[in-house]
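Naming convention: chains lettered A, B, ... in sequence-line order (proteins, then strands); numbering from 1 in each chain.
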Amino acid sequence: MARSLGFIIVLLAVTSICDAVAIFHPISESHRSAALELFSPAAGSFSGLEEAYEALRTFEVLGIEKPDTKDHTCNSVVDTLSSSSSNLKDLYHSLRVNGLLKCKTSKEALTGTVSRLKGGVKEATTLLDYYYSVGGLLLVKDQSSEVDVLLGNADGILRSIKALSQSDGRWRYSSNNPASSTYAAGVALETLSGVISLAASAIDENLIGTLKNDIVKLFDSIEKYDDGAYYFDDKVIDASGHQGPLSATSAVVRGLTTFASTSGTLNIPEEKILGLARFFLGVGVPGNSKDLYYQIDALSCLENNRVSVPLILSLPATVLSLTSNDKLKVRVNTVLGSIAPPLSVKLMQVFSSGSKDAPVLKEELKFDPKEAIHTMDALPEGVDIGEYVFAFEIVLSDPEDKRKYATGGRTKVPIHVTGVVGVDNAKLTLLEGDSVESEKKLNLPGKNDVALSANHLQKLHLSFLLTTPLGKPFKPHQALFKLRHETGVEHIFVVGNSGKQFKIALDFLGLVEKFFYLSGQYDIELIVGDAAMENSFLQPLGYVELDLPKVPEKATRPPSQAVDPYLRYGPKAEINHIFRVPEKRPPQEVSFAFLGLVFVPFLVFLIGLLRLGVNLKNFPTSTVPATFAILFHGGIAAVLLLYVFFWLKLDLFTTLKALGVIGIFLMFVGHSTLSHIASVSVKVKSA
Amino acid sequence: MGRSPATTKDDAQALFHSLRSAYSATPTNLKLIDLYVVFAVFTALIQVGYMAIVGSFPFNSFLSGVLSCVGTAVLAVCLRIQVNKENKEFKDLPPERAFADFVLCNLVLHLVIMNFLG
């Protein structure tokens, strides 16, 4: 809670200090070159009549030569005007382009257009219908004097347009659509002024009075930036896709100025008109063609309007150097850069950075009519290097002009003054206890080559004086003392000051641990810098040979210096895969010898069988049992053969499948053989 | 009663002779089976000797070889027990049936051995 309150207070303080301190420049060459770049027609012609009008209008205001697409554009203008399928919007845009290009249009085409526009006015229901038809009629009035464009029922039309207005000053586009926008208000004002100028008979004065009140109400919703720019913002994105403060403010400015030109002055404070001009100038150079059109169109409306013409105070240079004796130069122009009426510029106050009060000076600047610049030969007394805010006031020579022009009271401009800072009495002292061992005078900011040697029991002092050109004490942004060891380890110390005197005292006894016990040569560097200082320097002063005690075991190691970043990501040593060493196998002769040896017991077995007198007497002699017996032995042999194949190349599943087949066969055969033998032996037993 | 060393040797010889004569009384088929068992065991011993000389790589082959010999010897011993007429326990089991079991078990053993041989 307390934190948010504190934050709010700080914010208020900051906003009150930043009270419209900004600089605005009128239209310049950069706008012209941007216009040429943004509006260059693609493929030699504009994409549509609306875009063509925007480009041509911008070029006209900025004084640029129109591009050579007149024929192509004129063709499309004539086509649109004569075609019966064009709607009100197309007619309006083609008439606008025609006004700038002055194409050859036939009287029949214009008459036909006028009748269609008049029909459009009668049947109009939405704001844009009124806008296009009334605007079209007004353009025809300017382009041709032969055709009759006056509106009979002007009062009625005004009332039906007014019916679309809202209490907050905004306008709706149609009675069905409740959405309102400031852009629509600008469009409506322009339409209303068109109706007033096309009226066949006089308009009811009360009606105009209420409309003027609507405009004043609309200006209640104006928004403001900190730098003094006023603008209107539209929160609603309307059907035409227009959005954002630039288009809304531009529409209001156009509507306001056209209304004022037809119906007399309005009661709008000049601060707001100047604020609107500042808004458009504060945009700088817009990035797209539509924004540039809105900006230039609005500024041309403000350039000479009947409410009040804003005068812009700008400075060609806001950084002044005391060394080169720069003079303060001020320009006062209209928004498009034209010459202002006779006036004088007074420098009222000079605020130094941060302070809110300053003595009132009232110094008048000299006017040079050839260059149209107001100059002050010498800066006011006491202006030293640093940042200032200069407050100017424009005083118009002719008191009549006060009503016509908006000067904006006090204009505050940030000024930066730079100069050479004097560095004096610089010396580097080596102290042992309290007595001075050696003292070296330094020549700052020039070259120095000091060679000192010290041990950890001594102290190093550096001191120098900094004075501004006016002899006052100066505290720079940076005053740093750097010691760099030969291995690259750096130590930076801030040099403190009291008034003009800058001093730093290094007691090596206390710094031994900070220096990581590294003895050796330390290069000394002094850095003094500031934005307002023209002679900021980074000066190597020499070196000091430091003898520090030996590193104890537990001391921290100095940080490893940064490796050259290119080396860190360079190629590394190649990794070779170490394959598993194959097992040692016995020599082949040994294996073969044992193979032979394994068969020896088998031979012994066979010999033993013979010795035992093994015979085949029990082998069945009659055919069927004999076959079965043979098949039985064959089956067993087949299984063993299958096992050999299994070992050599078959897999388990194939083997099992084959084994299943042979096994069933073997079971059947074996069963019959063995049961036959069993029955035979039973017979022998019983016999 | 003191016996002289020479009598011990005579005793051993007499024991050996009585064993031999008793053994010759066994039926031929049992002698056949005994011979088979001896054959199997000797083969196993030769394999172990080979492994002792050259090392046990590949171990699975060594195991399957030795276990095939030992397994078949064990099955033969079982056959001998079942076929021996003097064995009262298996009086009712016909020797052909025992032989059929022997064949079947050997075939299964050798299937496993062949799989493990690698």
Side-chain angles (χ1 to χ4, degrees), chain A residues 582-587 590-591 593-615 618 632-633 635-636 638-640 642-648 650-652 655-656 658-659 662-663 666-667 670-671 673-682 685, chain B residues 24 26-59 61-62 64-66 68-69 73 76 85 93-104 106-118:
Chain A
E583 298 276 342
K584 234 172 23 126
R585 302 310 297 268
V590 176
S591 301
F594 267 90
L595 183 66
L597 206 58
V598 159
F599 282 116
V600 164
F602 185 63
L603 291 171
V604 168
F605 175 67
L606 289 176
I607 292 167
L609 281 181
L610 288 171
R611 282 267 309 265
L612 276 177
V614 166
N615 53 44
N618 260 346
F632 175 62
H633 289 290
I636 293 179
V639 171
L640 293 174
L642 176 68
Y643 286 165
V644 170
F645 277 127
F646 172 41
W647 180 49
L648 285 176
L650 294 177
D651 60 38
L652 188 61
T655 317
L656 284 177
L659 189 64
I662 302 178
L666 193 63
M667 256 189 358
H671 172 74
T673 309
L674 288 171
S675 50
H676 171 80
I677 294 176
S679 59
V680 162
S681 64
V682 161
K685 246 208 223 152
Chain B
S24 42
T26 52
T28 324
N29 53 351
L30 293 179
K31 278 201 204 150
L32 174 68
I33 296 173
D34 287 338
L35 185 62
Y36 182 71
V37 171
V38 165
F39 150 62
V41 169
F42 265 110
T43 316
L45 286 173
I46 290 174
Q47 286 178 60
V48 171
Y50 178 66
M51 185 216 85
I53 292 173
V54 300
S56 68
F57 183 80
F59 196 59
S61 313
F62 161 69
S64 81
V66 166
S68 128
C69 298
K85 288 195 177 62
L93 185 72
E96 286 77 24
R97 169 72 198 277
F99 179 68
D101 286 340
F102 171 74
V103 167
L104 178 67
N106 258 316
L107 290 178
V108 171
L109 172 73
H110 283 93
L111 174 69
V112 174
I113 290 302
M114 289 310 232
N115 196 15
F116 197 52
L117 198 59

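Among all heavy-atom pairs drawn from B/A100 and A/L674, the shortest one is CB-CD1, 3.5 Å. A/S591 and B/Y50 make their closest contact through OG-OH, 2.9 Å (heavy atoms, listed as atom of the first residue, atom of the second, distance).
The contact between B/F99 and chain A is made entirely by side chain atoms (from C-beta outward), counting heavy-atom distances below 4.5 Å. Only the side chain of B/I53 comes within contact range of chain A, with heavy atoms under 4.5 Å apart. Looking at B/V103, only its side chain comes within 4.5 Å of chain A, counting heavy atoms on both sides. The part of A/F646 that comes within reach of chain B is its side chain, from C-beta onward, which places non-hydrogen atoms under 4.5 angstrom from that chain. Residue A/V590 touches chain B through both its backbone and its side chain, counting heavy-atom pairs closer than 4.5 Å.
Ranked by heavy-atom pairs under 4.5 Å with chain A, the list B/N29, B/V54, B/I113, B/N115 is led by B/N115. When A/W647, A/F632, A/F599 are compared by the number of non-hydrogen pairs under 4.5 Å with chain B, A/W647 comes out ahead.
Between the CE atom of B/M114 and the CG atom of A/L642 there is a distance of 9.0 Å, given to the nearest 0.5 Å. B/I46 CD1 to A/F594 CZ: the interatomic distance, rounded to the nearest 0.5 Å, is 8.0 Å. Here the CG-CG distance, from A/L612 to B/L32, works out to 6.5 Å after rounding to the nearest 0.5 Å. Here the CG atom belonging to A/L609 is positioned 11.5 Å from the OG1 atom belonging to B/T28, to the nearest 0.5 angstrom. Taking NE2 of B/H110 as the start and CG of A/L640 as the end, the distance is 7.5 Å to the nearest 0.5 Å. We find the NE2-CD distance between A/H671 and B/E96 to be 12.0 Å, quoted to the nearest 0.5 Å.
Among residues at least two apart or in separate chains, there is no salt bridge (charged side-chain N to carboxylate O under 4.0 Å, His left out) pair with a member in residues 47-56 of chain B. Sequence neighbours left out, the pairs with a member in residues 26-38 of chain B that pass salt bridge (charged side-chain N to carboxylate O under 4.0 Å, His left out) are B/D34-B/R80.
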Should B/L111 and A/V639 be marked as a side chain to side chain contact (heavy atoms under 4.5 Å, CB included) after you check the CA-CA gap, both sets of side-chain angles, and the distance that decides it? CA-CA 9 Å; B/L111 174 69; A/V639 171; over 6 Å; no

CA sep, side-chain torsions, deciding dist, call: B/T43, A/V600, side chain to side chain contact (heavy atoms under 4.5 Å, CB included): CA-CA 8 Å; B/T43 316; A/V600 164; over 6 Å; no

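The aromatic rings of B/Y36 and A/F605 sit perpendicular, their planes meeting at an angle over 60°, well past the 30° parallel limit.
A distance-only check finds a donor-acceptor pair linking the side chain of A/Y643 to the backbone of B/L107 [under 3.5 Å].
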